[in-house]
Structures are given as structure tokens and as C-alpha cells.
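Accompanying notes for the structure given below.
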Amino acid sequence: MRQELLRFGTVGSPQTTSASGTPAAIRHIRELGLDHLEIAWTHSVSVTEPTCLQIRETAREARVSLSVHAPYYINFNSQTDDKLMKSNERLFAAARAGFLAGATDIVFHPGSYHKLPPADVYPIVRDRLGAVVHRLTQEGVAVTLRPETMGKGSMFGSLEETLRLSHEIPNVLPCIDWAHLYARTANGSFNTREEFDQALQMLESYLGERGLKQVHFHLSGIAYTPKGEKAHIPMYESPQRFVDLLQAFIAFGLAGTVGIEAPEPFHTADALHFQALYRHLLNPIHAAQETED
Ligand SMILES: [Zn+2]
């Protein structure tokens, strides 16, 4: 039986969690048989220290790994000092609290091009992110920062940009959102096994084994317009070729975590289905025998 190297979970508490709060969500992830939770501090980080410690302890007991999705209002290409300072503070807050809560990875949206040429924006984002990483390292906040691939051509966050950042700055690795990469092309391309393999070859050429063995992905169905991402949709309603995508994950021996984003009421169901599809593709004969028993 081939070993499972990818841990599946939800981005945000699974919709079927009966009680409020992150500890309840972690326990529910375990009940569901999932392995990971991405804590969605997407509007603000307003968590107390005792709660962080409680989250940490609950996750340790439940053997659930944790990441944090930092607030949406982060932009490393902010156009004023004041906006940049507030943006940085949001990422600092997410990283410090996340680290205290036992999260190893902090996902964030890197920013907008503000109609500047992408090549001009790249060094700005790299230098500013580098400064944030430097300060967190000095503070002893040992987390991996994960710039996410973004679903609109107007947003900083192509696959190549996130890989370059990861190559050039320590403690940075990409959060590859496959739905966003598909929507970003806005023409239905980036949906074949060949293209998935090329993307993973690029991941390997920039980051080597480290890139393949510590992945953090987002998976979901997605609808797009000519401008890119429109909305997340249920996996079975999406035109994305998930079987080919997961077969590529397996062929490259990827290890790490996969956070599922899906609109309600599909949130929990899609996470379970992606995990089941992965298991089936990993061990098709074993899966079939188990069902017969
Ligand atoms: Zn995101």
C-alpha cells in the first residue's frame, strides 16, 4: 500500500462543526478523519494568548496540523507608508498568534499590481516581504510564510512570482492555489496533465526537494470571467480535471498539506471527496478490496 503523504483539511472551520471556536473545529476535523485545518483569520486577528495555547494543545492531542490564512487586507505593493505599515501589522499579527497557536504556515495574498508592470512590482514585494521575514526571524517566530497564487491577472501572485519569492527569501514557500492558477488564465487553459506536470517541474526546479516535500495547496472548484476568478464553486460543478491533477501530485511524490475551499453546503463534503479521490488514486486496488470486504 502506498503511503499517504498529503494531509487534507478545510480552509476555515468545517461547515458541519456544531460548536463555535477553533478548538471545536480541530476536534471536528479529527472526527471527520481529516488531518489539517487552516484557521481563517481572514478579516482580522483578534485571538487571545490563552486561546492560542488552547488551540495548540487541542491540535496536538487530535494530531491535526495547522496553518493560518492571514487577513485579506495585506498588500506588499501598498502605495502609501501608512497603508504599508497597517498591511505589515496584519501579517505580523497573524504570524505571531499563529506560531503561538502551533501553526507552522501562514498563508497571505501578496497584493495588487496597481496597474504597474509586474516586473517593476516584483522587487518591491520581494524587499518588503524580506524585511518582514527578517523581523519575524529575529523575534523567534518560526513559521513559513506562504504567498498564495492569485486568481486574477491584476493581482500579484503568478506561480512564477511565488516561486521566485520562495527561492530568494528564507522561510518563504508558495501556497499554490490550483483553482486560482486555472482561473487566472481566464481561457480554460492550465487544465491538462501536461500543464500540471510542467507546473510541478517548475516547483522542483526553483525549490528542489524542499519544494516537493513541504507543499501547501488550496484546492476547490472555481468559476471565472475574462478578468479571472469569479467564485469558488463545488468540485463536481467545476471543469477542472482533478483526477489528472491528483495523479500529478502522486507521480511527483508530493508531501504536505491541502486545504479545501468550497461554498456551503459543500465545504465538508468536498474536503472528504478530495481526500477520498487521492486515496483511491494512490491505492486503487486496495481501495476496491476494502469496499468488497
Ligand atoms: Zn487565499
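Remember, it's 1-based here, ligands and their atoms both numbered in the order they're listed.
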Q: Using a cut-off of strictly less than 2.8 Å, determine whether H180 has an N/O/S atom near the Zn ion (ligand 1).
A: no

Q. Quick check: does H69 have an N/O/S atom under 2.8 Å of the Zn ion (ligand 1)?
A. yes

Q: Validate the cation-pi geometry between R90 and Y73: distance from NZ or CZ to the six-membered ring centre under 6.0 Å, angle to the ring axis within 45°.
A: no

Q. Just wondering, is there an N, O or S atom on E148 that's nearer than 2.8 Å to the Zn ion (ligand 1)?
A. yes

Q: Please assess E168 against R126 for the test salt bridge (charged side-chain N to carboxylate O under 4.0 Å, His left out), listing each intermediate value before the final yes or no.
A: CA-CA 8 Å; E168 293 176 15; R126 180 197 56 207; 3.4 Å; yes

(Q) Between T149 and T162, do the side chains contain a donor N or O and an acceptor N or O under 3.5 Å apart? (A) no

Q | Any donor-acceptor N/O pair, R146 side chain to P174 backbone, under 3.5 Å | A | yes

